[in-house]
Amino acid sequence: MANTILVGAQWGDEGKGKIIDFLTEKADIVVRSQGGNNAGHTVICGSTKYVLHLIPSGILRAGKACVIGNGVVIDPVALCSEIEGLREKGVEVGANLFISDCAHLVFPYHKVLDEHRDLKKGSGKIGTTKRGIGPAYGDKAARTGMRMSDLVQPELFSSKLKARLEENNSILKALGEERIDFGEVNAAYLRAGALLAPMVTNTVVYLHQALKEGREVLFEGAQGTFLDLDHGTYPYVTSSNTTAGGACTGSGVPPHRMDRVLGVMKAYTTRVGEGPFPTENEAFGGRLHAMGREFGATTGRARRCGWFDAVATRYSAMINGIDELAVTNLDGLDQLDSISICTAYTNRGRTLEVPPSDARQLAECEPVYMEMPGWKSSTEDARKFGDLPPDARNYLEKIVSLTGAKLGIVSVGAHRDQTIVL
Ligand code: GDP
Ligand code: IMO
Ligand code: MG
């Protein structure tokens, strides 16, 4: 396997964790390069379910190395409990995990500000995961952030934290929020820092050395294309670059070392949180929820559901340079009589082939649908493309041709073996 950037092609939760876990068998190193513990990547191994938030999903395969790159924002206390949780399940986390010394830290005041700002917005809220992601990236851009390299130098850390708390406590006071106690945060973060210190390193040098040795790297995108800070449905987005370019800036591996981009998408569309979603369909969502599907891996919220959107996915293929698609959750459509595909939008009397950049205009767009017959049978046991019912194959071929990428993988269940490679 060549060096691969894997991205979410929609609004997140496309099944990236499952596909990463599958591909890790042939990779040497798995890298997270953006986002934080707003991500929730589910991997099912045998009868055990894992939900990874900050640690790359590759950690579940023995002998593979994992990197949390410079572009990630880390809540070190949450990272320690994630490590602990994995160890309790028998997963080795230690010398196989490398954490960038440049990755920024998420603090309790980021979480309070995140929640406060979203509540204040009322009906215009983003519906964030409340993990402090926006304010932490805000501090990074404002150059008032603190990094992993600070965390592993206790004296320096404490003095910087004191100054940061002074400023942030005055902001919290003005907002009517409770002040945050220096002693408590300092102690908890230094404890986490001591635990993580052996893993903290210059991951850029580590990755370049590995590339020189011919090791193959898989970049695990978090969130999805339309949550990208620049290219998504702003302001209903996250605060990092979730598109393919983010893998370079967030890891220090240059573009010419990347060999292919794999876009992961569901056979339909989901979105969690607020913001425009042209193909949203409540009846379809109700059906999936009744099957116990489509509840968020991080916050447990019911995901909004809708039909496949060729306008959005084609744009996603363009921005990311998607070579191949991995289509997951095909089995979610197994029992439908008819399946809708959005081929264009109409807005203000015009037909649109590209999603408008303005979220308000996107929210006004009406999808133009074509209908395809359902296959009304289970795809869960299919292991080759030819095992799929003809109407399922037609559906996949249609969505792929509308998107302009090749079909690389089809997933028909959450388990490792429920994967078809083309
Ligand atoms: P991620 O954030 O992109 O890794 O996706 P999530 O883990 O948040 O959500 C995807 C959900 O779909 C998880 O519950 C997966 O176990 C599940 N999943 C992934 N692929 C398939 C599939 O092909 N079929 C079914 N039934 N579930 C899948
Ligand atoms: P994975 O990696 C789906 C959404 C939130 C909210 C918006 C901003 O599992 O696909 P944030 O907390 O990042 O400031 O929230 O982005 N969001 C996700 N939705 N999957 C995710 O990650 C998400 N991470 C953030 O619901 O709408
Ligand atoms: Mg998820």
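Numbering of ligands and ligand atoms starts at 1, following listing order. This chain uses plain numbering: 1 for the first residue, then up along the sequence. Every value quoted in this text rests on a predicted model; they were computed, and no experiment measured them.
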Q. Going by the order shown, which atoms of ligand 2 are within less than 4.0 Å of some heavy atom of K16?
A. 1 (P), 2 (O), 10 (O)

(Q) When you compare ligand 2 with Q223, is there at least one nitrogen or oxygen pair between them that comes in under 3.5 angstrom? (A) yes

(Q) Please determine whether any non-hydrogen atom of R271 lies less than 4.0 Å from an atom of ligand 2. (A) no

Q | Ligand-residue contact atoms, ligand 2 with W11, heavy atoms, under 4.0 Å | A | 3 (C), 19 (N)

(Q) Suppose I only count heavy atoms of V237 and a 4.0 Å limit; which atoms of ligand 2 are within that range? (A) 7 (C), 8 (C)

**Q.** Contact (N/O only, under 3.5 Å) between A39 and ligand 2
**A.** no

Q: Can you pull out the closest protein heavy atom to atom 18 (C) of ligand 2? Residue, atom name and distance to 0.1 Å, please.
A: L227 CD1, 3.5 Å

Q | Atom indices of ligand 1, in the order listed, that fall short of 4.0 Å to a heavy atom of G40 | A | 1 (P), 2 (O), 4 (O), 6 (P), 7 (O), 8 (O)

Q: For atom 12 (O) of ligand 2, grab the closest protein heavy atom and report residue, atom and distance to one decimal in Å.
A: T129 OG1, 2.5 Å

Q: Please indicate whether any nitrogen or oxygen in S239 is less than 3.5 Å from any nitrogen or oxygen in ligand 2.
A: no

Q) Does an N or O from R131, backbone or side chain, lie closer than 3.5 Å to an N or O of ligand 2? A) no

Q.
Tell me whether the Mg ion (ligand 3) has K16 as a neighbour, meaning an N, O or S atom of it below 2.8 Å.
A. no

Q: Specify the protein heavy atom at minimum distance from atom 3 (C) of ligand 2: its residue, its atom name, and the distance to 0.1 Å.
A: D13 OD2, 3.3 Å

